[in-house]
Amino acid sequence: MPELPEVHTILNDLAPRLQGLVFQEVTQCRPGTLNEPSTDELARSLPGKRIEQLERRGKYLLLHLDSGQTLIFHLGMTGRLYLLGQAEPPDPYCTANFVLDDSSQLCFADPRKFGHIWLVDDAASVVGKLGPDALDESVGASELQDMLSLRRGTRIKAVLLDQSVLAGIGNIYADEALFEARINAERAAGSLTPEEVAELRRAILVVLRRGIENRGTTFSDYRDGFGRAGMNQQALAVFHRTGKPCPRCGTAIKRKSVAGRGTHYCPSCQPL
DNA sequence: CTATAAACCTGCTGGC
DNA sequence: TGCCAGCAGGTTTATA
């Protein structure tokens with residue numbers, strides 16, 4: 001599940017390789033991905049346009065073009081966006097292949113087709129509703145406190161997953177941040193003490209930065225901008241570790257559904 | 001407002 | 001060993 005650290009890793013990989021290149025051709029290898037406009041239309045309008053700058057907003061990757069338009073990718077659950085090596089065989093799940101003027105190929109592959117590609121005149125039409133980026137250091141504990149007070153009756157896990165509050169946190173890093181901050185996922189957002197809010201803000205930054213340092217979390221699908229697996233799955237404390245010992249106290253990690261999401265936690269370190 | 005659920009999709013897991 | 005039902009999950013949309 002590509003979340004902020006995974007998309008950030010892809011951004012870091014692709015930005016130095018793509019900046020300044022011109023699209024030559026777009027081919028569709030597999031139907032079905034949710035493209036707006038269609039891949040056919042992308043194939044008609046992208047060639048000749050130059051990539052000026054790459055940007056990440058939450059889990060979205062933006063390619064700003066010299067036409068003033070923005071090509072935007074969201075990887076959904078199983079999406080990959082990577083540079084295909086020269087002799088590498090095509091990705092069996094490739095839904096769109098972007099050929100650039102240095103003959104490198106950018107492959108968008110997505111087995112479950114939850115991903116999206118947009119080409120828009122105004123990037124805000126896609127990312128305009130996002131809250132501040134979860135890595136934005138200008139968002140401190142007091143700003144987070146204000147956001148939580150607006151959603152004070154909602155469970156804290158649901159608030160963390162809400163991209164209009166903070167952008168970029170998904171199921172993996174929500175569970176990890178709540179563990180790091182020793183906060184139960186079912187707590188009402190408004191019930192957190194100022195100390196807990198400050199701890200949560202710190203924890204969010206810690207787990208996201210660690211995820212980036214480890215080049216993202218790969219359980220099965222995620223790959224970086226060169227098609228390689230990440231390493232952060234080895235650093236996770238609770239996510240996907242049901243029954244295994246809590247790294248802090250040794251208690252067996254539990255899993256339950258909170259806000260409609262599989263939620264992993266230490267029942268001893270994160271009491272309700 | 002809040003919350004839950006369904007829909008999208010398909011590889012994988014678990015049960016029989 | 002093999003088959004199949006059901007789960008997983010980001011986001012949007014619909015319904016309680």
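In what follows, chains are A, B, ... by sequence order, proteins preceding strands, each numbered from 1.
- Overall, the helix from B/dT2-C/dA16 to B/dC16-C/dG2 carries an axis bend of 60° between its ends, with five pairs at each end and the value rounded to 10°.
- Sorted by first then second residue, the side chain to side chain donor-acceptor pair (under 3.5 Å) pairs that include residues 163-176 of chain A, not counting sequence neighbours, are A/E6-A/Y173, A/K157-A/N171, A/K157-A/D175, A/D162-A/S164, A/Y173-A/T217, A/Y173-A/N232, A/D175-A/H264.
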Atom pairs under 3.5 Å, N or O on each side, protein against nucleotides 2-6 of chain B: can you list them with distances?
| from | atom 1 | to | atom 2 | distance (Å) |
| --- | --- | --- | --- | --- |
| B/dA3 | OP1 | A/G153 | O | 3.0 |
| B/dT4 | OP1 | A/R155 | NH2 | 3.0 |
| B/dT4 | OP2 | A/R155 | NH2 | 2.6 |

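- Counting non-hydrogen atoms under 4.0 angstrom, A/F73 reaches nothing in the nucleic acid.
- Ring centroid separation for the pair A/F98 and A/F108 does not come in under the 6.0 Å cut-off.
- A/D13 and A/Y82 are not linked by any side-chain donor-acceptor pair at a separation below 3.5 angstrom, with hydrogens and angles left out of the test.
- Listed by chain and residue number, A/F179, A/A237, A/R241 satisfy the side chain to side chain contact (heavy atoms under 4.5 Å, CB included) test with A/P247 (two or more places apart in sequence, or in another chain).
- A/R50 and A/E52 are joined by a salt bridge, as a carboxylate oxygen and a charged side-chain nitrogen come within less than 4.0 angstrom of each other.
- Taking every nucleotide of DNA chain C with any atom under 4.0 Å from a non-hydrogen atom of chain A, the first and last of them, 5' to 3', are C/dA8 to C/dT11.
- A/Y93 comes within 4.0 angstrom of the backbone, heavy atoms only, and of no base.
- Side chains of A/E55 and A/H64: a donor on one and an acceptor on the other come within 3.5 Å.
- Between the side chain of A/R152 and the main chain of A/S149, a donor-acceptor pair closer than 3.5 Å is present.
- A donor-acceptor pair is defined here as one N or O able to donate and one able to accept, closer than 3.5 Å; such a pair exists between the side chain of A/D110 and the backbone of A/G115.
- At distances below 3.5 Å, not a single donor-acceptor pair connects side-chain atoms of A/D101 with backbone N or O atoms of A/L21.
- Applying the salt bridge (Lys or Arg N to Asp or Glu O under 4.0 Å) test to every pair with at least one member in residues 38-47 of chain A, sequence neighbours left out, gives these pairs: A/E41-A/R44.
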